[in-house]
Amino acid sequence: RIHVKQVSETVRDIISFYFSEEPTVIAIENVHFADENTLKVLACLREAPARGVLLMTSLPTDEMFSFASRTPLHQQSISRNAAQGEGEVNALSAAMKKSSADALDSFKAGLCQSSQTHFVRIDEFNVSEIEGMLCSSLNTDSVPLGLAQWVQTLSGGSMYWINEMLEFIKATGIEDFMNITAAQQS
């Protein structure tokens with residue numbers, strides 16, 4: 001069995017090598033989906049030489065688990081163990097969420113120990129900006145009245161959720177998007 005420390009040191013050495021060769025940017029997205037051991041590996045990267053930029057993206061801890069409430073029902077996982085009570089599932093889910101949130105908070109706190117770490121919170125997008133994104137993404141001059149407001153309401157203005165919705169709209173069409181999301185909200 002390989003220990004997390006060995007993996008951490010190996011990853012740090014690989015990143016350090018790239019940083020030492022030439023100025024480098026490495027992006028690791030969706031850190032909020034990482035498990036505790038992956039976060040331990042990523043935490044070791046704060047020891048890598050500072051010649052490069054390591055960019056990690058994550059939803060804020062308070063937004064991490066809104067995914068389930070924004071995911072269309074047919075895409076949510078369904079328990080195959082029908083005998084397991086809903087209360088047990090909810091309790092287990094809540095415990096897993098708390099553990100993941102605690103691990104991410106601990107990871108961020110560890111990164112803050114480095115003077116070279118900077119956190120940037122991206123402001124939420126407003127309705128006008130979302131309307132521009134919709135028009136651009138759908139290659140049109142205008143979108144139906146209320147669509148941008150609905151996307152803003154569902155996404156909370158988060159770029160992550162806006163992108164997910166834009167992809168969904170492109171795949172299913174505006175009418176299906178409106179019908180599916182409206183049905184899920186009721």
Side-chain angles (χ1 to χ4, degrees), residues 25 27-36 38-39 42 54-80 82 84-109 111-112 117-186:
V25 175
I28 301 171
E29 294 187 272
N30 300 324
V31 174
H32 53 274
F33 288 129
D35 64 9
E36 191 171 346
T38 302
L39 292 173
L42 293 175
L54 180 63
L55 173 67
M56 292 188 230
T57 67
S58 171
L59 290 173
T61 307
D62 59 338
E63 291 183 26
M64 283 173 51
F65 301 105
S66 58
F67 177 73
S69 65
R70 293 180 180 156
T71 302
L73 191 57
H74 67 276
Q75 292 180 1
Q76 292 182 19
S77 62
I78 299 171
S79 172
R80 294 178 186 211
Q84 192 173 22
E86 189 174 312
E88 290 177 52
V89 172
N90 289 340
L92 178 61
S93 178
M96 290 172 58
K97 289 176 182 180
K98 180 170 178 8
S99 175
S100 294
D102 289 348
L104 185 61
D105 284 341
S106 176
F107 168 73
K108 289 178 180 178
L111 286 180
C112 283
T117 299
H118 304 282
F119 285 96
V120 177
R121 175 144 177 129
I122 298 174
D123 290 333
E124 297 171 346
F125 288 91
N126 63 38
V127 174
S128 175
E129 293 166 325
I130 293 171
E131 185 171 10
M133 289 181 222
L134 285 163
C135 289
S136 176
S137 181
L138 299 173
N139 200 24
T140 185
D141 293 331
S142 64
V143 293
L145 184 64
L147 177 61
Q149 178 62 56
W150 184 237
V151 170
Q152 205 281 336
T153 299
L154 293 174
S155 68
S158 165
M159 187 64 208
Y160 177 83
W161 296 116
I162 293 168
N163 280 332
E164 292 293 313
M165 289 179 207
L166 287 173
E167 291 302 315
F168 188 78
I169 291 168
K170 288 194 295 190
T172 64
I174 293 172
E175 187 175 334
D176 282 348
F177 169 77
M178 297 294 283
N179 290 335
I180 291 168
T181 56
Q184 297 236 335
Q185 293 295 311
S186 56

| query | Can you name the side-chain hydrogen bond (donor to acceptor under 3.5 Å, both in side chains) partners of E29, sequence neighbours left out? | reply | none
| request: Working to the nearest 0.5 Å, report the span between CG of L39 and CE of M56. | output: 9.0 Å
| task | Could you tell me the separation between the CG atom of L134 and the CD1 atom of I169, rounded to the nearest 0.5 Å? | result | 5.0 Å
| field | Shortest non-hydrogen separation from I130 to S155 and the atoms involved | value | CD1-OG, 4.4 Å
| query | Restricting to pairs with a member in residues 166-175, which pass salt bridge (charged side-chain N to carboxylate O under 4.0 Å, His left out), not counting sequence neighbours? | reply | E167-K170
| query | Can you list the steps and then say if M159 with F125 is a side chain to side chain contact (heavy atoms under 4.5 Å, CB included)? | reply | CA-CA 7 Å; M159 187 64 208; F125 288 91; 3.3 Å; yes
| request: Quick one: pull up CZ in F168 and OG1 in T181 and give me the separation to the nearest 0.5 Å. | output: 7.5 Å
| message | In the structure I gave you, are the side-chain heavy atoms of N126 and Q152 within less than 4.5 Å of one another anywhere? | response | no
| T172 versus F177, closest heavy-atom pair with distance | OG1-N, 3.9 Å
| Under 3.5 Å: donor-acceptor pair, side chain of T57, backbone of N30 | yes
| field | Qualifying residues under side-chain hydrogen bond (donor to acceptor under 3.5 Å, both in side chains), relative to Q149, sequence neighbours excluded | value | T153
| request: To the nearest 0.5 Å, tell me how far M165 CE sits from S137 OG. | output: 13.0 Å
| request: Report the distance from atom CG of N163 to atom CE of M133, rounding to the nearest 0.5 Å. | output: 7.5 Å
| query | Which pairs with one or both residues in residues 125-153 pass salt bridge (charged side-chain N to carboxylate O under 4.0 Å, His left out), sequence neighbours excluded? | reply | none
| D176: partners by side-chain hydrogen bond (donor to acceptor under 3.5 Å, both in side chains), with sequence neighbours left out | none
| Atom OG1 in T38, atom CD1 in I28: separation rounded to 0.5 Å? | 10.0 Å
